[in-house]
Amino acid sequence: MNASRTRLIWLSHVLSSTTPLYGGGKDLRLTSLRSMSAGDSCNATLINLPSHAGTHIDSPYHFLADGRTLDTFPAEFWIFNSPALAVISLPLGSLIGPGELPNQLASNVETDLLLLKTGCENSRQYDVYWREGFGLSASLAGHLKSRYPRLRAVGVDFISISSWGNREEGRMAHRAFLEKDILLIEDMSLRDIGEGEKLRRVIALPLRFEGADGAPCSILGWVDGI
């Protein structure tokens with residue numbers, strides 16, 4: 001019998017000048033301040049980016065006027081010890097509600113993070129990624145909270161839970177999740193979680209700044225395989 005093995009993987013994308021932004025935005029810029037190749041003593045970069053660029057986390061304050069900001073969460077909040085993964089097989093642009101969840105999705109009441117893997121990130125370099133990506137329905141928030149009472153975050157491998165073609169539903173979905181204290185992690189990288197592997201732990205580290213309505217983040221995942 002083969003012994004199980006554990007891998008540590010990235011669940012976040014690298015920020016770059018080609019990182020896709022919601023609505024096709026062009027606000028992310030990486031500018032060289034100093035360059036050794038130009039004769040400077042060191043290399044240094046100016047980073048200009050929106051708070052919801054790349055793999056990022058939405059705080060309640062993003063859609064709730066009195067909502068919590070990311071900088072107020074304690075360090076232990078960002079460690080998820082009971083993550084679950086759902087693989088979604090639907091046409092691009094679909095709205096994901098309770099009825100679109102896979103039947104085999106585990107019902108572990110300890111689940112504190114649910115990741116939805118659609119494969120949409122495979123189109124991340126094209127405009128179709130933000131124009132025709134998936135979205136979540138507002139009804140999914142209550143369904144997941146009742147199924148997973150300890151759920152603290154939902155992560156997706158598409159640019160936003162608010163699809164470009166269903167923006168009003170997306171706004172309602174944001175409010176529905178955030179009102180239930182379920183944070184949203186958007187534009188994740190889930191492709192390295194192989195078939196048959198199980199997520200064991202996830203750590204998300206958002207960029208910490210005062211009053212954060214959202215922030216880019218680095219995310220690590222431990223997966224057990226055979």
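Because only heavy atoms are used, hydrogens play no part in the values below, and waters and symmetry mates are left out as well, while side chains stay in. Residue numbers count from 1 along this sequence.
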Could you state the interatomic distance from OH (Tyr129) to CZ (Arg124), rounded to the nearest 0.5 Å?
5.5 Å
Shared hydrophobic cluster for Met188 and Val128 (ILVMFWY, side-chain gaps under 4.5 Å):
no
Which value, rounded to the nearest 0.5 Å, describes the distance between Cys217 atom SG and Leu207 atom CG?
9.5 Å
Please check if the number of heavy atoms outside Lys198 that lie under 6.0 Å from its NZ is greater than 12.
no
Does the side chain of Leu220 reach to within under 4.5 Å of the side chain of Trp10, using non-hydrogen atoms?
yes
Short side-chain to backbone donor-acceptor contact, His174 and Gly170, under 3.5 Å
yes
In terms of heavy-atom contacts, does CZ of Arg191 have more than 12 from other residues, nucleotides or ligands at under 6.0 Å?
yes
Whether the side chain of Asp27 engages the backbone of Leu49 through a donor-acceptor N/O pair (distance < 3.5 Å, no angle test) should be reported.
no
Work out which heavy atom in Arg68 is nearest to a heavy atom in Pro60; give both atom names and the distance.
O-CD, 3.3 Å
Should the pair Glu168-Arg171 be classified as a salt bridge under the 4.0 Å nitrogen-to-oxygen rule?
yes
Can you tell me if CZ on Arg7 sees more than 12 non-hydrogen neighbours from other groups inside 6.0 Å?
yes
If the plane angle is over 60° it's perpendicular, under 30° parallel, otherwise tilted; pick one for Phe77 and Phe73.
tilted
Worked verdict on Ser160 versus Ser162 for side chain to side chain donor-acceptor pair (under 3.5 Å):
CA-CA 5 Å; Ser160 172; Ser162 179; 4.8 Å; no
I'd like to know if the side chain of Asp157 reaches the main chain of Gly119, judged simply by a donor and an acceptor atom lying under 3.5 Å from each other, with no hydrogens or angles considered.
yes
Any side-chain heavy atom of Arg34 within less than 4.5 Å of one from Asn43?
no
Minimum heavy-atom distance Ile159-His56, with the two atoms named
O-CE1, 4.1 Å
Between Asp40 and Ser35, does any side-chain donor sit less than 3.5 Å from a side-chain acceptor?
no
Here the pair of heavy atoms bringing Ser59 nearest to Leu178 is O-CD1, 3.5 Å
Can you tell me how far the NZ atom of Lys145 sits from the CG atom of Leu140, to the nearest 0.5 Å?
13.0 Å
Is any side-chain heavy atom of Ser82 closer than 4.5 Å to a side-chain heavy atom of Arg150?
no
Determine whether Leu184 and Leu144 fall in the same hydrophobic cluster, where Ile, Leu, Val, Met, Phe, Trp and Tyr are linked whenever their side-chain heavy atoms lie under 4.5 Å apart.
yes
Using distance alone, with no hydrogens and no angle criterion, decide if Thr55 and Asp187 have a side-chain donor and acceptor under 3.5 Å apart.
no
Let me check something: do Leu115 and Ile79 share a hydrophobic cluster, defined by ILVMFWY side-chain heavy atoms less than 4.5 Å apart, either directly or through other members?
no
So, Asp213 and Ser51: side-chain donor and acceptor under 3.5 Å apart, yes or no?
yes
With rounding to the nearest 0.5 Å, note down the distance linking CD in Glu210 to OG1 in Thr72.
11.5 Å
According to a 4.5 Å side-chain heavy-atom criterion applied to Ile, Leu, Val, Met, Phe, Trp and Tyr, with indirect links allowed, do Leu205 and Ile185 form part of one hydrophobic cluster?
no
Between Val156 and Phe80, is there shared hydrophobic-cluster membership here, with clusters defined by ILVMFWY side-chain heavy atoms closer than 4.5 Å?
no
Any donor-acceptor pair under 3.5 Å linking the side chain of Ser189 with the backbone of Ser12?
no
Check whether any side-chain N or O of Lys180 sits under 3.5 Å from a backbone N or O of Leu151 as a donor-acceptor pair, and report yes or no.
no
Could you go through Leu11 and Leu190, starting from their C-alpha distance and side-chain angles, then the distance that decides it, and tell me whether this counts as side chain to side chain contact (heavy atoms under 4.5 Å, CB included)?
CA-CA 6 Å; Leu11 298 176; Leu190 304 179; 4.2 Å; yes
Is there a side-chain contact between Leu15 and Leu28 (heavy atoms, below 4.5 Å)?
yes
Give a yes-or-no answer on whether the side chains of Ser137 and Ser139 include a donor-acceptor pair shorter than 3.5 Å.
yes
Could you check whether any side-chain heavy atom of Leu64 comes within less than 4.5 Å of a side-chain heavy atom of Glu179, counting everything from C-beta outward?
yes
Would you confirm whether Ser94, through its side chain, and Ile96, through its main-chain N or O, come within 3.5 Å as a donor-acceptor pair?
no
Can you say whether the rings of Phe158 and Phe134 are parallel (under 30°), tilted (30 to 60°) or perpendicular (over 60°)?
tilted
What heavy-atom pair brings Ser163 and Gly133 nearest, and what distance separates the two atoms?
CB-O, 3.4 Å
Reported CG-to-CD distance for the pair Leu95 and Glu100, which is rounded to 0.5 angstrom
7.5 Å
Residue pair Trp78 / Leu70, side-chain heavy-atom distance below 4.5 Å
yes
His52 and Glu186: side chain donor to acceptor below 3.5 Å
no
Considering all heavy atoms of both residues, which atom of Leu113 and which atom of Gly155 are nearest to each other, and what is their separation?
CD1-N, 4.4 Å
A side-chain contact here means heavy atoms from C-beta on lying under 4.5 Å apart; do Phe177 and Phe63 qualify?
no
In terms of heavy-atom contacts, does CZ of Arg208 have more than 12 from other residues, nucleotides or ligands at under 6.0 Å?
no
Steps toward side chain to side chain contact (heavy atoms under 4.5 Å, CB included) verdict (Leu114, Leu116):
CA-CA 7 Å; Leu114 178 64; Leu116 304 181; 4.0 Å; yes
Arg201 and Pro83: which non-hydrogen atoms are nearest, and at how many Å?
N-CG, 3.9 Å
Thinking salt bridges, do Asp112 and Arg152 make one under a 4.0 Å N-O criterion?
yes
Dump the intermediate steps for side chain to side chain contact (heavy atoms under 4.5 Å, CB included) on Thr6 and Val223, then the final yes or no.
CA-CA 5 Å; Thr6 299; Val223 291; over 6 Å; no
Taking side chain as C-beta onward, heavy atoms only, is Arg5 less than 4.5 Å from Asp224?
no
Pair Glu169, Leu136 - check side chain to side chain contact (heavy atoms under 4.5 Å, CB included), show working.
CA-CA 8 Å; Glu169 180 69 19; Leu136 301 186; over 6 Å; no
